[in-house]
Amino acid sequence: MKTLAVVGSQWGDEGKGKIVDLLAADADIVVRFQGGNNAAHTLVVNGERFVLRLVPAGALYQGKICVIANGTVVDPIALLDEITELKRRGHLKDDELLKLSSEAHMVMPYHRAIDRAREARLGKSAIGTTGFGIGPAYEDKMARVGLRFDDLADFDAFAQKLQRNIRDKNAYLKTVLKAKPVAAAPLVSQMRAVRSRLLRYVCDTSRFLQEAIASGKRVLFEGAHGIMLDIDHGTYPFVTSSNCGVSAVFSGCGIAPNSLDGVLGISKAYATRVGGGPFPTEISGRLADMMREEGNEFGSATGRPRRIGWFDAVLTRHAVRLNGMWRIALTKLDVLTGLDPVKICVAYQIRGRTLDQVPDSHLLGKVKPVYESLPGWSESISSARSLSDLPVNARRYLQRLQELCGVGLAMVGVGASREATIVVDNPFHDGSDNSNNIAVTNG
Ligand code: IMP
């Protein structure tokens, strides 16, 4: 494949960062196409830990081009902070290596203020957002009052729009949300001060990507969040405010569907979610605490403890169908080591009926999972580099996941570092098998 999209199959935090980082070794260009700094990809490279929120994972390799495309919403100050930190650690040395779409929208402090005030007002029914202003920024985009990086070209016009927005948002913050307004003058000055630092990255990323694809470059599209947080297909309203599936690649980058060769789904060997909303396979108590500790399941962006559950094959099948996934990269298999049995949700039950597909949203919170229990394994698997290095019960678990999800595995993560991965089939390597062949485990 030359062009590949990586998409989360669950509620985000599937470990996409690590897989994208691994695939980026063979890509020329890595692209973020939706979301904002509500996403955070944690990567461990040569023992060094990096948390990337806006800049694509390609930044950790020398010479790869990173694109933040038009479908994203970007907090300009957070972006500059991230760039500064990456430069300090020896990355993104050349400004040409980062391209920011002139059509991407900005997240402003009033978006964050609105996000947080609304969540506080919702109390127990809060969505559990990251509080980074993502929803309100996408609202402004759709309401056609958003500020785009393109607007920075004429700063006076930009400042006028910014002041208009601050006026409107402050009225809403004060009267409806009973929250503190945002000061206009310091924000305008701050934007004036950072304008030129931002403009050096701003360009027409749609044309850049079209030309790159036409010239045969390898392009990796790095999804954020997961399909169950998708604004249309996720567990609405407990979702993020963008499309998180493969469809977002095309609108979010300005490229045509026939320029994408394949979609790799990413899934954890179990499931997690942060924030509110239905989670059919959620578990609690000592087992959940152990898995949370073992898997370091605390939000990279917010530090919140993640909710924990067993692998849900019903949801994963849904994710595979919605996105036309070629294969799945399964992460964090090592976290299941020592558990016996390991469980997989194979269907749901509701009102005496068994469902093998995801029901309408209003029912998902009420279903009971039907589990299949498989024997666990106790041997450490972190040094496994091929499927045949795994204990037989771990291989059985993988085989069963593939059968239930109807899709093969491309990779299996067995530890946090880039190297701790079993690569079954790298889509960027010649000879990669583009068929949906699931028989890959018995080594
Ligand atoms: P927002 O994207 O900050 O508006 O949050 C909406 C929902 O999406 C909340 O449940 C968040 O916890 C969730 N969410 C947003 N980004 C991520 C992510 O990167 N990983 C996991 N959950 C996320």
Side-chain angles (χ1 to χ4, degrees), residues 4-27 30-32 35 37-61 64 66 82 86 89 91 220-227 244 263-272 274 291-292 294-301 306 311 316 319 325-337 380-387 389-390 394 398 401 409-429:
L4 176 79
V6 165
V7 169
S9 315
Q10 298 167 319
W11 284 280
D13 305 323
E14 297 92 351
K16 290 181 292 296
K18 175 182 154 167
I19 302 296
V20 168
D21 170 60
L22 194 143
L23 290 165
D26 294 295
V30 187
V31 189
R32 266 292 298 275
N37 58 340
N38 49 349
H41 290 165
T42 308
L43 309 165
V44 182
V45 180
N46 300 330
E48 252 193 290
R49 187 170 177 272
F50 292 84
V51 180
L52 299 178
R53 292 160 200 269
L54 289 161
V55 175
L60 301 186
Y61 292 91
K64 309 271 176 198
C66 291
E82 196 168 317
L86 281 165
R89 295 170 79 177
H91 300 282
L220 178 61
F221 297 92
E222 169 185 339
H225 323 300
I227 191 69
C244 312
V263 183
L264 177 66
I266 315 288
S267 180
K268 252 179 230 177
Y270 49 100
T272 62
V274 274
M291 287 165 77
R292 185 177 301 108
E294 190 58 34
N296 192 22
E297 296 296 355
F298 299 89
S300 314
R306 295 177 183 145
F311 186 91
T316 311
M325 285 170 183
W326 157 75
R327 291 264 173 111
I328 282 189
L330 195 80
T331 60
K332 293 189 154 183
L333 183 66
D334 52 304
V335 174
L336 299 185
T337 300
S380 165
I381 58 169
S382 296
S383 55
R385 294 295 175 268
S386 83
L387 293 169
D389 295 337
L390 292 173
L398 298 182
L401 290 193
L409 295 176
M411 295 173 185
V412 180
V414 291
S417 69
R418 193 184 264 174
E419 302 72 40
T421 312
I422 297 171
V423 180
V424 181
D425 195 352
N426 185 324
F428 281 144
H429 287 181

So [Y] and [X], do their side chains get closer than 4.5 Å, heavy atoms only?
X: M411; Y: L23; answer: yes
X: V55; Y: F50; answer: no
X: V30; Y: Y61; answer: no
X: E14; Y: T272; answer: no
X: L401; Y: T316; answer: no

Checklist line | Main-chain N/O of G413 paired with K332 side-chain donor or acceptor, under 3.5 Å | finding: no
Item checked: Qualifying residues under salt bridge (Lys or Arg N to Asp or Glu O under 4.0 Å), relative to K18, sequence neighbours excluded -> none
With [X], which residues qualify under side-chain contact (heavy atoms from CB on, under 4.5 Å), at least two apart?
X: A224; answer: R32, Q34, A39
X: A57; answer: V20, D21, L43, L52, E222
X: E419; answer: R385, S417

Item checked: Inter- and intrachain pairs under side chain to side chain donor-acceptor pair (under 3.5 Å), touching residues 42-59, at least two apart -> T42-S300, E48-R89
Taking atom [atom1] of [X] and atom [atom2] of [Y], what is their separation to the nearest 0.5 Å?
X: L54; Y: C66; atom1: CG; atom2: SG; answer: 12.0 Å
X: I381; Y: T337; atom1: CD1; atom2: OG1; answer: 4.0 Å
X: R292; Y: Y270; atom1: CZ; atom2: OH; answer: 10.5 Å
X: L264; Y: R327; atom1: CG; atom2: CZ; answer: 9.5 Å
X: I422; Y: L398; atom1: CD1; atom2: CG; answer: 7.5 Å
X: K16; Y: Q10; atom1: NZ; atom2: CD; answer: 9.0 Å

Notebook entry, point to check: Looking at residues at least two apart in the chain, or sitting in another chain, which of them share a ring-ring contact (aromatic ring centres under 6.0 Å, His included) with F428?
Noted result: none
Please name the pair of heavy atoms, one in [X] and one in [Y], separated by the smallest distance, quoted to 0.1 Å.
X: V44; Y: A416; value: CB-O, 4.1 Å
X: L220; Y: A24; value: CD2-N, 3.8 Å
X: G295; Y: V335; value: CA-CG2, 3.6 Å
X: D334; Y: S382; value: CB-OG, 4.2 Å
X: T331; Y: G15; value: CG2-O, 3.9 Å
X: A319; Y: S9; value: CB-O, 3.6 Å

Next item on the list: Might you work through the side-chain contact (heavy atoms from CB on, under 4.5 Å) test for F311 and L336, ending with a clear yes or no?
Entry: CA-CA 11 Å; F311 186 91; L336 299 185; over 6 Å; no
